[in-house]
Amino acid sequence: MSAARHWLMKSEPDVFSIDDLALKGTTGWDGVRNYQARNFMREMRVGEAVLFYHSNAEPSGAAGTAVVVRAAYADPTQFNPNNDRFDPRATADKPVWFQVDVRFVSKFPRFISLEELRGINELSDMMLFRRSRLSVQPLTKAQWTAIARRGRRGSSPRD
DNA sequence: GCCAACGTTGGC
DNA sequence: GCCAACGTTGGC
């Protein structure tokens, strides 16, 4: 069995924010229609940690944390012709798109903007900066720790 | 299999 | 709202 991984998942706060997740508790991460993001979701295991990132926002940045509570299963929106994420190629036997369920864990007392994330040494290799359009991506444990520490406590590099 | 056209994401 | 980046589609 492999070690737990850490993940970053983007959501547009105008559509679904960390506050929405806090209210809802658990949500299905449906609607992903990018193969690389899908493949990362299929690698997720229950209990793995998620950094909830606000994209397309003012400002964009890290807003809180969540946890995977259900591993990948077929995204039902792909089967619904009335849904704008409908995919005519998908069948119940052979779904094309998958989702996981995540549960709210925390909202950061201090939001960490993308600008600030860019300035953090431990994050220099973060995929977010190179693959800006990928909405689901892995974080290293060191990256996770560097972000979560600041979100919880402030901007000091000391603990 | 190449690649131009097109559509979407997301920072600004 | 603009537009660069980049993933997808489809003609050939």
Side-chain angles (χ1 to χ4, degrees), chain A residues 5-24 27-44 48-68 71-102 104-140 142-151 154-155:
Chain A
R5 300 176 71 184
H6 299 75
W7 306 96
L8 179 151
M9 299 178 89
K10 295 183 188 174
S11 184
E12 300 193 18
D14 290 349
V15 178
F16 194 79
S17 71
I18 189 72
D19 292 323
D20 294 322
L21 183 63
L23 276 173
K24 196 174 176 193
T27 195
W29 208 272
D30 62 13
V32 171
R33 295 294 183 268
N34 171 281
Y35 288 104
Q36 197 174 5
R38 178 202 69 180
N39 293 343
F40 282 135
M41 285 201 294
R42 295 182 75 169
E43 295 175 14
M44 292 182 180
E48 290 181 338
V50 174
L51 181 75
F52 194 101
Y53 179 89
H54 283 177
S55 62
N56 245 318
E58 294 186 10
S60 295
T65 65
V67 61
V68 178
Y73 60 101
D75 175 347
T77 63
Q78 71 194 303
F79 304 125
N80 179 359
N82 298 317
N83 192 291
D84 62 2
R85 300 290 193 166
F86 175 64
D87 189 332
R89 300 170 301 167
T91 64
D93 282 352
K94 295 215 165 166
V96 181
W97 304 109
F98 291 81
Q99 67 179 84
V100 296
D101 288 353
V102 306
F104 175 78
V105 173
S106 71
K107 177 180 177 177
F108 287 148
R110 206 176 65 79
F111 180 86
I112 311 170
S113 70
L114 175 60
E115 182 185 21
E116 180 175 350
L117 291 171
R118 284 204 160 105
I120 298 171
N121 277 339
E122 297 98 307
L123 304 184
S124 57
D125 292 332
M126 193 156 75
M127 201 177 285
L128 182 69
F129 306 142
R130 286 178 296 111
R131 306 292 314 284
S132 62
R133 292 182 51 187
L134 184 61
S135 64
V136 177
Q137 48 186 268
L139 294 175
T140 66
Q143 289 166 348
W144 167 270
T145 302
I147 297 167
R149 186 176 61 210
R150 280 170 180 77
S155 60

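Just so we're on the same page: letters track the sequence lines, and every chain starts at 1. Just so it is clear, the model here is predicted, and its values are computed rather than measured.
For the pair R42(A) and F98(A), the distance from NZ or CZ to the six-membered ring centre is under 6.0 Å and the angle to the ring normal is within 45 degrees.
For F52(A), the ring-ring contact (aromatic ring centres under 6.0 Å, His included) criterion is met by W29(A), H54(A), not counting sequence neighbours.
If you find the closest nucleotide of DNA chain C to R89(A) and to E58(A), the one lying nearer the 5' end belongs to E58(A). Each of R133(A) and N56(A) has a nearest nucleotide on DNA chain C; the 5'-most of these lies closest to N56(A).
Across all strands, R33(A) comes closer than 4.0 Å to no nucleic acid atom at all (heavy-atom distances). In this structure, Y53(A) reaches the sugar-phosphate backbone alone: every heavy-atom distance under 4.0 Å involves primed, P, OP1 or OP2 atoms, never a base.
Ion pairing of E43(A) with R38(A) is absent here, as no side-chain N (NZ or NE/NH1/NH2) approaches a carboxylate O to less than 4.0 Å. The residues K107(A) and D19(A) are annotated as salt-bridged, a charged nitrogen and a carboxylate oxygen being separated by less than 4.0 angstrom.
For the atom pair CE (M127(A)) and CG (L134(A)), the distance works out to 7.0 Å, reported to the nearest 0.5 Å. In this structure, OH on Y53(A) lies 14.0 Å from CD1 on I18(A), to the nearest 0.5 angstrom.
Across its full length, the helix from dG1(B)-dC12(C) to dC12(B)-dG1(C) shows an angle of 10° between the axes of its 5 terminal pairs at either end, rounded to 10 degrees.
A heavy-atom distance below 4.5 Å is found between the side chains of L117(A) and I147(A).
Under the 3.5 Å distance criterion, with hydrogens and angles disregarded, no donor-acceptor pair is assigned to the side chains of N80(A) and T77(A).
From the 5' end on, the contacts that DNA chain C makes with chain A at under 4.0 Å to a non-hydrogen atom open and close at dA5(C) to dT8(C).
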